[in-house]
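When reading the values below, keep in mind they use all heavy atoms of this one structure, side chains included, and skip hydrogens, waters and symmetry mates.
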Amino acid sequence: MCTALTFFKQNRMYFGRNLDLEYSFNEKVVVTPRCYRFNFKNGLIFKNKYAMIGMASVINNYPLYAEAINEKGLCLAGLNFPNNAKYYHSDNLTKNMIAPYELFPFILGQCQNLDEVKKIIKDLTIVDIPFSKEIPNTTLHWMISDQNDKSIVIECIQGVMQINENPFGVLTNNPPFAFHKENVRQYLHLSNKNPDSLLIHDYEITNFCEGLGGIGLPGDFSSPSRFIKAFYLKYFSQCSDDELSCVSQVFHILDSVAMVSGAVLSHDNKNDITRYSCVMTLNGYYYKTYFNNQITKIELDEIKMSSKELFIHSLSTAQNILKI
């Protein structure tokens, strides 16, 4: 269970994401430099044109990203999409067939914006080929966003890739995006303003507190509810224009849909928690974890982007407290 959203301010896009999971996947912040070699399953040796930074597990020097941003500000995030994601099956791979985890280098490594993304994925097929026998594919759908405040959602349903325009800049999990797009229509009455007073036979019915315009806003942890709440907070959000204010604001929105330990149990009775929250910008990658809510920033600087090797940062998981 996860939540992703965009936040646009002063012609700059910020991409936020909660990763909700009951276990660690050995996640680390990873910078893939320019011209890093990827051996695709279809035989292609791919070297990315643009550097990227995001959260990934690294296996045999291969970064398996959960989300990432490239140096041009193009963002990509994969969110859990169980029971719906059905990748194409084929034993004879062609050059337009790639594995799900190869989307990150394939898209972020060569595209600057969504117009370029749409050109290279229009004939693409995502094939159900795992990274290894020990690491099966995760069932995902993806949100891609650029610095023009445009987003799309990619879903593979019954082996067929569907590309959906996403005017909300929000994505959660099941059901498919088409459901979320329709579900928003049930919440058009929500407002950040209080409703007007009502006069009935000389008796005035007045507001008794602030926030009554938001009555009916979902508060549970289901994916449809998190979609609505994240969109509501994003839509009415107000903050200063500088980067730190915007980053802080996105973290506040993510906190509102985060999983608290014990609130949601998985099918095998394990705590589904927000393992980390992140905000990606052109300047780098901000994150905090469930066990350390102090924000850490990893800069996407020229040294990291021009390196020959992956830059790998282990997460700061022990709670940091400022003592005065």
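Under the 3.5 Å distance criterion, with hydrogens and angles disregarded, no donor-acceptor pair is assigned to the side chains of Arg185 and Asn183. If you check the side chains of Asn96 and Thr94, you find a donor sitting under 3.5 Å from an acceptor. Thr3 and Asn18 form no side-chain donor-acceptor contact under 3.5 Å, judged by distance and modelled atom types alone. Using modelled atom types and a 3.5 Å distance limit, the side chains of Tyr87 and Gln158 yield no donor-acceptor pair. For the residue pair Ser266 / Asp272, no side-chain donor-acceptor distance below 3.5 Å is found, with atom types taken as modelled. Glu155 and Asn84 share no side-chain donor-acceptor pair at under 3.5 Å. For the residue pair Ser151 and Ser145, a side-chain donor N or O sits within less than 3.5 Å of a side-chain acceptor on the partner. Using modelled atom types and a 3.5 Å distance limit, the side chains of Ser225 and Ser222 yield a donor-acceptor pair. A donor and an acceptor atom, one from each side chain of Ser245 and Asp242, are located under 3.5 Å apart. Between the side chains of Glu299 and Tyr285, no donor-acceptor pair is found at a separation under 3.5 Å. For the 3.5 Å distance criterion, the side chains of Asp128 and Asn137 qualify, holding a donor opposite an acceptor.
Ion pairing between a basic and an acidic side chain is recognised when a charged N comes within 4.0 Å of a carboxylate O; Arg34 and Glu302 show such pairing.
Nearest approach of Tyr286 to Leu244, heavy atoms of both residues: OH-CD2, 4.0 Å. Annotation for Met305 and Ala51: closest pair CG-CB, 3.4 Å, computed over non-hydrogen atoms. Among all heavy-atom pairs drawn from Ser261 and Asn271, the shortest one is OG-ND2, 3.1 Å. Pairing each heavy atom of Phe7 with each of Ile253, the nearest pair is CD1-CD1, 4.5 Å.
Distance check: Asn80 CG to Thr172 OG1 gives 11.0 Å after rounding to the nearest 0.5 Å. Note that OH of Tyr14 is 13.5 Å distant from CE of Met280, once rounded to the nearest 0.5 Å. The OG atom of Ser277 lies 5.0 Å from the CG atom of Leu254; values are rounded to the nearest 0.5 Å. Atom OG of Ser90 sits about 7.0 Å away from atom CD1 of Ile129, to the nearest 0.5 Å. To the nearest 0.5 Å, atom CD of residue Glu22 and atom CZ of residue Arg275 are 9.0 Å apart. Atom CG of Leu217 is separated from atom NE2 of His189 by 8.5 Å, given to the nearest 0.5 angstrom.
Between Phe227 and Phe177, some side-chain heavy-atom pair lies under the 4.5 Å cut-off. Using a 4.5 Å heavy-atom cutoff, the side chains of Cys75 and Asp146 are not in contact. Side chains of Ser306 and Pro33 form no contact here, defined as non-hydrogen atoms less than 4.5 Å apart. Annotation: side chain of Ile126 is in contact with side chain of Leu103 (closest heavy-atom distance under 4.5 Å). Side-chain contact between Glu243 and Asn283 is present, with at least one heavy-atom pair separated by less than 4.5 Å. Put simply, the side chain of Pro224 reaches to within 4.5 Å of the side chain of Phe179, judged on heavy atoms. By the 4.5 Å heavy-atom criterion applied to side chains, Ile298 and Lys304 are counted as neighbours. In this structure, Ile121 and Met161 have side chains that are in contact, with non-hydrogen atoms separated by less than 4.5 Å.
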Residues Lys288, Asp255; criterion salt bridge (Lys or Arg N to Asp or Glu O under 4.0 Å); working and verdict: CA-CA 11 Å; Lys288 62 180 183 176; Asp255 285 343; 3.0 Å; yes
Verdict with reasoning, Gln162 to Asn164, per side-chain contact (heavy atoms from CB on, under 4.5 Å): CA-CA 6 Å; Gln162 301 179 8; Asn164 302 281; 4.3 Å; yes
Salt bridge (Lys or Arg N to Asp or Glu O under 4.0 Å) between Glu71 and Lys49, intermediate numbers included: CA-CA 10 Å; Glu71 61 183 278; Lys49 181 179 179 181; over 6 Å; no
Worked verdict on Val260 versus Tyr290 for side-chain contact (heavy atoms from CB on, under 4.5 Å): CA-CA 9 Å; Val260 178; Tyr290 190 88; 3.9 Å; yes
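Hydrophobic clustering of Ile, Leu, Val, Met, Phe, Trp and Tyr side chains at less than 4.5 Å, counting indirect connections, keeps Val30 apart from Leu21. Hydrophobic clustering of Ile, Leu, Val, Met, Phe, Trp and Tyr side chains at less than 4.5 Å, counting indirect connections, keeps Val264 apart from Phe291. Connection of Leu114 to Ile107 is established within a shared hydrophobic cluster, with ILVMFWY side chains joined at heavy-atom distances below 4.5 Å, either directly or through further cluster members. Linking ILVMFWY side-chain heavy atoms closer than 4.5 Å, directly or via other members, places Val279 and Val31 in a single hydrophobic cluster. Note on Leu74: it does not cluster hydrophobically with Val153, by side-chain heavy-atom contacts below 4.5 Å among ILVMFWY residues.
The main-chain N or O of Pro175 is found under 3.5 Å from a side-chain atom of His180 such that the two form a donor-acceptor pair. Between the side chain of Glu116 and the main chain of Gln112, a donor-acceptor pair closer than 3.5 Å is present. Remark: side-chain polar atoms of Asn42 are not paired, donor with acceptor, to backbone N or O of Leu93 under 3.5 angstrom. Under the 3.5 Å distance criterion, the side-chain polar atoms of Asn148 are left unmatched by any main-chain donor or acceptor of Lys150. At distances below 3.5 Å, not a single donor-acceptor pair connects side-chain atoms of Asp149 with backbone N or O atoms of Phe8. Judged by distance alone, with hydrogens and angles left aside, the side-chain atoms of Gln186 form no donor-acceptor pair with the main-chain N or O of Val184 at under 3.5 Å. Of the possible polar contacts, one joining the Arg17 side chain to the Ala66 backbone as a donor-acceptor pair under 3.5 Å is found. When atom types are taken as modelled, the side chain of Asn166 and the backbone of Val170 share a donor-acceptor pair closer than 3.5 angstrom. At least one donor-acceptor pair under 3.5 Å links the side chain of Lys234 to the backbone N or O of Thr6. Looking only at distances, a side-chain donor or acceptor of Gln110 sits under 3.5 Å from a matching main-chain atom of Phe106.
Ring to ring, Tyr36 and Phe38 are close: their centroids are under 6.0 angstrom apart. Between Tyr276 and Tyr287, the ring center distance fails the sub-6.0 Å criterion.
Environment of OH in Tyr23: sparse, with no more than 12 heavy atoms of neighbouring residues, nucleotides or ligands closer than 6.0 Å. A 6.0 Å sphere centred on CG of Asp268 holds more than 12 heavy atoms belonging to other residues, nucleotides or ligands. The number of heavy-atom neighbours closer than 6.0 Å to NZ of Lys181, taken from other residues, nucleotides and ligands shown, is 12 or below. Within a 6.0 Å radius of NZ in Lys270, no more than 12 heavy atoms belonging to other residues, nucleotides or ligands are found. Counting non-hydrogen atoms of neighbouring residues, nucleotides and ligands closer than 6.0 angstrom, the CG atom of Asp220 exceeds 12 such neighbours.
Taking the six-membered ring for Trp and thresholds of 30 and 60 degrees, Tyr235 and Phe231 have ring planes inclined between 30 and 60 degrees apart.
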Got a list of side-chain donor-acceptor pairs under 3.5 Å for residues 56-63, not counting sequence neighbours?
none

Side-chain donor-acceptor pairs of residues 314-324 under 3.5 Å, sequence neighbours excluded:
| from | atom 1 | to | atom 2 | distance (Å) |
| --- | --- | --- | --- | --- |
| Gln319 | OE1 | Asn293 | N | 3.4 |
| Gln319 | NE2 | Asn293 | OD1 | 2.9 |
| Asn320 | ND2 | Gln294 | OE1 | 2.8 |

